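Note sheet for the following structure.
Note that ligands are numbered from 1 as they come in the structure, with each ligand's atoms numbered from 1 the same way. Quantities reported herein were computed from a predicted structural model and do not represent experimental measurements.
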Amino acid sequence: MTDPYVEEAGRLDAADSLAAFRDRFVIADPAIVYLDGNSLGRLPRATRDRLRAVADEWGEELIDGWRRWLPVGREAGDLVARIVGAEPGEVVLSDSTGVNLYKLAVAALDARPGRDVIVTDDDNFPTDRYILDGVAAARGLKVRRIGPGLDDGVRPEDVEAALDARVALVCLSHVAYRSGAVADLAAVTAAAHRHGALVLWDLCHSAGAVPVGLSAAGADLAVGCTYKYLNGGPGSPAFLYVRRDLQPRLEQPIWGWFGQSDQFAMGPDYRPVPAIERFLVGTPPVLTGYAALEGARLTAEAGIEAVAAKARSLTGYALRLADAWLAPLGFRAASPRDGRRRGAHLTLRHPSAWPVCQAAKAAGVVPDYRAPERLRLGFPPLYTRHIDVHEGLSRLREVAASGRYRDFPDDPKGLT
Ligand SMILES: *Cc1c(COP(=O)(O)O)cnc(C)c1O
């Protein structure tokens, strides 16, 4: 008996305009179905070559190499700008997502004196919530949390209801890390602007997965990492976006020499450059910066609209398989069913999600666990085929149907 879902995967893969990108990644063990590229993307072949080349440059050129290396953050930033719908000169690589969030949140709050409320959601990514709480505690501000459902994400009307003349800053994730639900960035931005607030978006699960459209929405500020869908590798630097007209009007709290105009004059006073570099602090991470550059180049080359269309196809196909095979085994979808409201991952709820996750790994499929009771399945479009989705979900079905997951411990404490 032929499996109609195999035929469907074959049809979809044969028609995939991005199929050739898979060969541009290192796939060390093709027997493993990797569904965790939303936490750490795969290694692009070009990155391996570039890292080797930059290491050689370091060996040969020593200090003179800096002339060549210094622009990497801006060069990669311009590529990321294309991917998130911003202009050249509005994005730069810098620090980690959390540090960038801190710098831009403080800069935004300073630009709204007299206002004392930050709006976020109580299901936002932990580092975002902790950093906003810390900023609020240090400045005597109040954090107002909206409470979206765990699986549906933030709705513009929830944000609207939390807005008033006290709100200085709204800080939200565009794609929710657990459910993959996509927030309406343009509607939330417009609502915040009507109330005189600035908005800071976290794009960690958006960049390289869905179109963001920062310029089209008139977005103020954003941050994101490069090691997830942009395939920048472990420890690759994050990026930050500041709309061009805001740049000279915002001042960030960490006055480092890389934000200084005429940096090597080593002058007595801090006078930040009137450009995106004013949000930098110190010496850039060159090796991981080149890794971020090569990773982002692949997504920019593929085009974010094509990448997002394939993400919708992969997650939609996965949802059909989950409904047919896994729902009868106690799984239910914990992501929006509307493909336009989903990022590039699909989350499934199951009371034994943690043991299932471990048993799945033992069976050669790598999902991710997120409390409470959720398996997160990531389908990065540049290297994931529909047939991989089929294989991954059929192994999950086998693990659940056989009850083999009961051999694995039930306590995820201390693990993420
Ligand atoms: C992965 C992720 C982060 C990570 O922050 P780092 O500072 O890079 O560790 C932050 N926010 C969201 C929404 C994420 O998914």
Side-chain angles (χ1 to χ4, degrees), residues 35-41 73 76-77 80 83-84 91-106 118 120-135 145-146 148 150-151 153-154 170-183 185 188 199-210 212 214 219 221-241 252 254 279-282 284-285 288-289 291-292 295-296 311 335 342-347 367-371 374 376-380 415-416:
L35 302 182
D36 209 0
N38 52 329
S39 270
L40 180 66
V80 174
I83 294 166
V84 297
V91 178
V92 70
L93 294 186
S94 161
D95 301 311
S96 66
T97 310
V99 172
N100 290 331
L101 191 96
Y102 173 80
K103 293 186 297 188
L104 295 190
V106 169
I118 301 170
T120 187
D121 78 272
D122 60 13
D123 193 38
N124 203 349
F125 193 79
T127 204
D128 300 40
R129 288 185 281 107
Y130 305 152
I131 286 167
L132 295 174
D133 283 347
V135 168
R145 287 193 185 75
I146 56 178
L150 288 195
D151 304 339
V154 174
V170 177
C171 183
L172 298 169
S173 291
H174 176 229
V175 174
Y177 77 98
R178 186 191 292 104
S179 67
V182 181
L185 183 138
V188 169
V199 188
L200 169 50
W201 290 99
D202 185 329
L203 304 180
C204 279
H205 280 276
S206 314
V210 295
V212 180
L214 290 174
L221 306 163
V223 298
C225 63
T226 60
Y227 49 78
K228 291 173 180 163
Y229 292 102
L230 294 178
N231 305 299
S236 61
F239 64 87
L240 61 82
Y241 154 87
Q252 63 125 327
I254 308 177
F279 300 98
L280 300 179
V281 178
T288 49
S335 295
R342 268 197 316 266
H345 71 265
L346 180 72
T347 301
D368 203 353
Y369 170 79
R370 282 292 174 269
R374 280 157 173 80
R376 205 172 59 167
L377 310 175
F379 307 109
L415 294 152
T416 56

Check: Side chain, backbone, both or neither: which part of Asn124 has a heavy atom under 4.0 Å from ligand 1?
Finding: neither
Notebook entry, point to check: Which bit of Asp202 gets closer than 4.0 Å to ligand 1, counting heavy atoms only: side chain, backbone, both or neither?
Noted result: side chain
Closest non-hydrogen protein atom to [atom], residue and atom name please, with distance?
atom: atom 5 (O) of ligand 1; answer: Thr97 CB, 3.5 Å
atom: atom 9 (O) of ligand 1; answer: Tyr227 OH, 3.6 Å
atom: atom 14 (C) of ligand 1; answer: Lys228 NZ, 2.8 Å
atom: atom 10 (C) of ligand 1; answer: Phe125 CD2, 3.4 Å

For ligand 1, which atoms sit closer than 4.0 Å to a heavy atom of [X]?
X: Asp128; value: 10 (C), 11 (N)
X: Ser96; value: 7 (O)
X: Cys204; value: 2 (C), 3 (C), 10 (C), 11 (N), 12 (C), 13 (C), 14 (C), 15 (O)

Note to self: Could you check whether Arg145 pairs with Asp122 (Lys NZ or Arg NE/NH1/NH2 to Asp/Glu carboxylate O, under 4.0 Å)?
What the structure shows: no
Taking [Y]'s backbone N and O only, do any of them form a donor-acceptor pair with [X]'s side chain (distance below 3.5 Å, no angle check)?
X: His174; Y: Trp201; result: no
X: Asp128; Y: Cys171; result: no
X: Ser335; Y: Ser179; result: yes
X: Ser39; Y: Asp36; result: no

Margin query: With side-chain contact (heavy atoms from CB on, under 4.5 Å) as the criterion, how do Val223 and Lys103 come out once you've worked through the C-alpha distance, each side chain's angles and the decisive distance to 0.1 Å?
Written below: CA-CA 10 Å; Val223 298; Lys103 293 186 297 188; over 6 Å; no
Next item on the list: For side-chain contact (heavy atoms from CB on, under 4.5 Å), just list the numbers for Asp123 and Arg178, CA-CA rounded to whole Å, side-chain angles, deciding distance to a tenth of an Å, and then say yes or no.
Entry: CA-CA 9 Å; Asp123 193 38; Arg178 186 191 292 104; 2.6 Å; yes
Next item on the list: Using only heavy-atom distances, determine whether the side chains of Asn124 and Ser173 contain a donor-acceptor pair under 3.5 Å.
Entry: yes
Check: Can you find an N or O of Gly98 that's nearer than 3.5 Å to an N or O of ligand 1?
Finding: yes
Notebook entry, point to check: Is there a nitrogen or oxygen of His205 sitting under 3.5 Å from a nitrogen or oxygen of ligand 1?
Noted result: yes
Notebook entry, point to check: Would you call Ser173 a ligand 1 contact, heavy-atom distance under 4.0 Å?
Noted result: yes
